[in-house]
Protein chains: 2
Amino acid sequence: MTTIKDVAERAGVAPSTVSYVLSGSRKISEDTRRAVQAAIDELGYHPRASARTLRSARTRVLALAAPRVPGAYRAIDGRFAIDVTDAARGHGYDVLLMTDSDGVGGLRRVACSGLADAAVLMAVEDRDPRVEVLGELGFPAALLGRDDHAQLPWTDLDWDAAVALAVRETAAAGHRRILFLSSAEHEVAARRGYALHGLDGARRATAETGAEVRVVPSHRDPDVLARRLREALTARPAPTALVVQHLILLPRLLDAVATAGLRVPDDLTVVLVGSLPDELGIRHLPRIDLPVAEMSTAVARLAIDAIDPGSDARPPSGPPHHLIQPRMAGPAIAPPSLG
Amino acid sequence: MTTIKDVAERAGVAPSTVSYVLSGSRKISEDTRRAVQAAIDELGYHPRASARTLRSARTRVLALAAPRVPGAYRAIDGRFAIDVTDAARGHGYDVLLMTDSDGVGGLRRVACSGLADAAVLMAVEDRDPRVEVLGELGFPAALLGRDDHAQLPWTDLDWDAAVALAVRETAAAGHRRILFLSSAEHEVAARRGYALHGLDGARRATAETGAEVRVVPSHRDPDVLARRLREALTARPAPTALVVQHLILLPRLLDAVATAGLRVPDDLTVVLVGSLPDELGIRHLPRIDLPVAEMSTAVARLAIDAIDPGSDARPPSGPPHHLIQPRMAGPAIAPPSLG
DNA sequence: CGAATTCGTCGAATCGATTCGACGAACGGC
DNA sequence: GCCGTTCGTCGAATCGATTCGACGAATTCG
């Protein structure tokens, strides 16, 4: 267990000098620097994080508050966690993973006991109790998901623009009767940002394109979803395109489409907004991907920037945010069949 | 920022007494204990983790090494991360999330700088370099996935027994020509435990049941998978059941089945071994689920037990492990149609 | 009733880094 | 050649908890 004292001894300098070599916060002659570096390498010295933190009051750790309750945790959240961790590492930060299984208690514990410098909140809800606790504690944080109400920085895909773009492009491909499978009802009820903004975008695009867009609210129960979808698909005149925001049940959804006797994209064009894990291999449909990597990078950045409020001047208006514009990906949207 | 000294002052005792109240490592009179507890509550005192760690050389943190490379990270891994975190919390431990984006460097850094007391490795490969580093450092660890080669504790589903059970039950339902879609070729090549043991189980069950079991190696490319599957499904005499271990591409797989003109389960019975995220809503097929919760609990336990090797006597033979027996779930396996 | 024990609490050393003030040496100006 | 800088390094205080030895008071025992 080598300490800074061992390194100093071996290099023939004082411990403080080693510290200055490490931090670069004071000027050190090239000779001394080399000697210290050599001693560090030879001994394989790693500064003890706890000692460093105790003195400097900086942990260089970000707390990542992930959802675990069924219905809040999504498959893609694992990818977010990984990407946020990598992004944080890029700034020299580690990530402490937390669940909401003990509600806000975990967050309070981590903040108060000095286990992290800032928090990143995933799956933020309207009037999220975690946001209140962070505000009360004055703990720096950033949100993965839009929330204009909370006085905290956030990043998100512009869901309004995304759904509007999907509908607009679908209409531009020639479709006049479009189905929009929105978020699940309980997500709308929870006033989740993506759910509300997605609906807004659908409405806006409807007005702009003049196409007939029917909104079908999704449901977390696959059977309810399948039933609703079948009804909407068999209505006459039949819709020719389906824009899907609620992707989680996509396998069951495609199953329901197949059961209705429809072929994709010959009988029905399917356009996706959002993201499933890459590995599911859903690469054959036109879509707007959730920019997981960009959002993760942004939220790590926002959280870290929130740690040291003295560094730059107080922003004139509210906390910063990072709104990402949507882009179409995958194959082109097929036009409606002539039948 | 309240410290133990503030609490002591308020309670009219020495700081060390407060510490003893907190840790319970010395006897304290009931009166003093109450006074100290009152002071703690009134001041909202939380011990500083860094100070505690510096002195006691215990972080009460587990490092969770998650895979990020495409093909190694799976959607279900996010669920594992969450469940391991909850299990660790149950023992008073927090979880530091790490990726393998910097190879073994991150693990070495976390171990040497004293950021964690033990590591949990996900997605362990044969001759995993991370295992070697941990061995070299003498850092306590446990593996999420069977590895009889590494001298480390592990937990896993008994994949051999799982695939054997699935095949056996399928044969018992009356199927004589069974297709087994094994793990992807690259997983077998990487000698991943589940891939090898799954194949073993298929072989064993074949011998036992006398059914004709054809092994179709899966592939990470959905198109290759679809082609292989179609060929196998259209062979004559046609197979009547499909046992699937490679679940990741299930949506594409079901799509390929539908494209071949087959209905599930009327024309083809599909049995799953392993797990997709719950939320995908694949609940309508007979299956053997990956025991995510049980594995997570076990691995957290194994890692924490590995921290303090002096507590119990040296085990006579190798590190402990936790092998979980499979159970069928979901609807019963449909018998082959009479056609 | 005095000595030996037990009980509960205290004071001080300690963990390993950071950081500030100080100090000696080299250097430049006049 | 003397004085005032500048430069590079050092020593010591500090962060906030843990933990050991010690110590006075209460209790037990001969």
Side-chain angles (χ1 to χ4, degrees), chain A residues 1-40 43-61 92 109-117 308, chain B residues 1-40 43-61 92 109-117 308:
Chain A
M1 189 132 308
T2 72
T3 73
I4 201 172
K5 205 177 270 185
D6 302 325
V7 175
E9 221 160 277
R10 175 151 193 143
V13 299
S16 48
T17 304
V18 177
S19 178
Y20 290 127
V21 167
L22 249 26
S23 68
S25 62
R26 272 199 190 178
K27 220 166 185 189
I28 294 288
S29 74
E30 186 54 28
D31 287 357
T32 307
R33 212 196 54 70
R34 253 201 307 272
V36 168
Q37 192 58 54
I40 288 175
L43 295 173
Y45 167 70
H46 286 257
R48 217 126 279 268
S50 53
R52 182 171 274 197
T53 295
L54 175 59
R55 181 61 228 240
S56 64
R58 280 284 142 78
T59 61
R60 299 194 76 82
V61 167
R109 185 179 56 83
V110 167
C112 293
S113 62
L115 276 164
D117 294 333
D308 195 3
Chain B
M1 188 132 311
T2 72
T3 73
I4 201 171
K5 205 176 272 184
D6 302 325
V7 176
E9 220 161 278
R10 176 152 192 142
V13 300
S16 48
T17 303
V18 177
S19 178
Y20 289 127
V21 168
L22 249 26
S23 67
S25 62
R26 271 199 192 179
K27 223 168 182 187
I28 294 288
S29 73
E30 186 53 29
D31 286 358
T32 307
R33 212 197 54 70
R34 253 201 307 272
V36 168
Q37 192 56 57
I40 287 175
L43 295 174
Y45 167 71
H46 285 256
R48 219 123 278 271
S50 53
R52 183 169 272 197
T53 295
L54 175 60
R55 180 63 227 238
S56 64
R58 279 283 142 79
T59 61
R60 299 194 76 83
V61 167
R109 185 179 55 82
V110 167
C112 293
S113 61
L115 275 164
D117 294 334
D308 196 3

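Side chains are part of it too, since the values below use all heavy atoms of this structure and drop only hydrogens, waters and symmetry mates. Every chain is numbered from 1, with letters handed out A, B, ... down the list of sequences.
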Margin query: Using the side-chain heavy atoms of B:Met1, tell me which of these nucleotides is nearest: C:dC20, D:dG16, C:dA17.
Written below: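 Within the option list, the nearest is D:dG16.
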Check: Do the side chain of A:Tyr20 and the base of D:dC7 come within less than 3.5 angstrom through a donor-acceptor pair of N or O atoms?
Finding: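 When only heavy-atom distances are counted, A:Tyr20 does not reach the base of D:dC7 through any donor-acceptor pair under 3.5 Å.
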I need the [atom1]-[atom2] distance between [X] and [N], as an integer number of Å.
X       : N      : atom1 : atom2 : result
A:Leu43 : C:dG16 : CG    : P     : 14 Å
B:Lys27 : D:dT27 : NZ    : P     : 14 Å
A:Ile40 : C:dA17 : CD1   : C1'   : 13 Å
B:Arg58 : C:dC15 : CZ    : C1'   : 14 Å
B:Lys5  : C:dA12 : NZ    : P     : 12 Å
A:Ile4  : D:dG11 : CD1   : P     : 14 Å
A:Asp31 : D:dC7  : CG    : P     : 17 Å

Next item on the list: Please check the phosphate of D:dA17 (OP1 and OP2 only) for any side-chain N or O of B:Tyr45 closer than 4.0 Å.
Entry: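 Answer is yes, contact under 4.0 Å.
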Checklist line | All side chain to side chain donor-acceptor pair (under 3.5 Å) counterparts of B:Glu9, not counting sequence neighbours | finding: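 For B:Glu9, no residue satisfies side chain to side chain donor-acceptor pair (under 3.5 Å) once neighbours in sequence are set aside.
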Notebook entry, point to check: Mind checking what makes side chain to side chain donor-acceptor pair (under 3.5 Å) contact with B:Arg60, not counting sequence neighbours?
Noted result: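 If we apply the side chain to side chain donor-acceptor pair (under 3.5 Å) test to B:Arg60, skipping adjacent residues, there are no hits.
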Checklist line | Interatomic distance, B:Thr17 atom OG1 to B:Ile4 atom CD1 [nearest 0.5 angstrom] | finding: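 Interatomic distance, B:Thr17 OG1 to B:Ile4 CD1, rounded to 0.5 Å: 9.0 Å.
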Next item on the list: Kindly determine whether A:Val21 and A:Val13 satisfy side chain to side chain contact (heavy atoms under 4.5 Å, CB included), including the steps that lead there.
Entry: CA-CA 11 Å; A:Val21 167; A:Val13 299; over 6 Å; no
Notebook entry, point to check: What pattern of brackets, bars and dots sums up DNA chain C from 5' to 3', given Watson-Crick or G-U wobble pairs under 3.5 Å, [ ] for crossing pairs and | for another strand?
Noted result: ||||||||||||||||||||||||||||||
Next item on the list: Could you identify which residues of residues 48-56 of chain A place a heavy atom less than 4.0 Å from some atom of DNA chain C, listed by residue number, or say none?
Entry: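 Here the set is A:Arg48, A:Ala51, A:Arg52, A:Leu54, A:Arg55.
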Next item on the list: Name the nucleic acid region contacted by A:Ser19, choosing base, sugar-phosphate or nothing; use a 4.0 angstrom heavy-atom cut-off, strictly under.
Entry: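 Answer is base: heavy atoms of A:Ser19 come under 4.0 Å of a base.
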Note to self: For B:Ala8 versus B:Ala14, what's the shortest heavy-atom pair and its separation?
What the structure shows: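 Residues B:Ala8 and B:Ala14, closest heavy atoms: CB-C, 3.6 Å.
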Residues 43-54 of chain B side chain polar contacts: donor-acceptor under 3.5 Å, at least two apart:
residue : atom : partner  : partner atom : Å
B:Arg48 : NH2  : A:Cys112 : O            : 3.1
B:Thr53 : OG1  : B:Ala49  : O            : 2.9
B:Thr53 : OG1  : B:Arg58  : O            : 3.2

Margin query: If you assign A:Leu22 and A:Arg26 each to the DNA chain C nucleotide with the nearest heavy atom, which residue ends up on the more 5' nucleotide?
Written below: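 Per heavy-atom nearest nucleotide, the more 5' residue is A:Leu22.
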Next item on the list: Using a cut-off of strictly less than 4.0 Å between a heavy atom of the residue and any atom of DNA chain D, enumerate the qualifying residues of residues 6-18 of chain B by number.
Entry: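 Nucleic-acid contacts, sorted: B:Ser16.
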Margin query: Taking side-chain contact (heavy atoms from CB on, under 4.5 Å) as the criterion, tell me which of B:Val7, B:Ile28, B:Asp6 meets it with B:Val18.
Written below: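 By the side-chain contact (heavy atoms from CB on, under 4.5 Å) criterion, B:Val18 pairs with just one of B:Val7, B:Ile28, B:Asp6: B:Val7.
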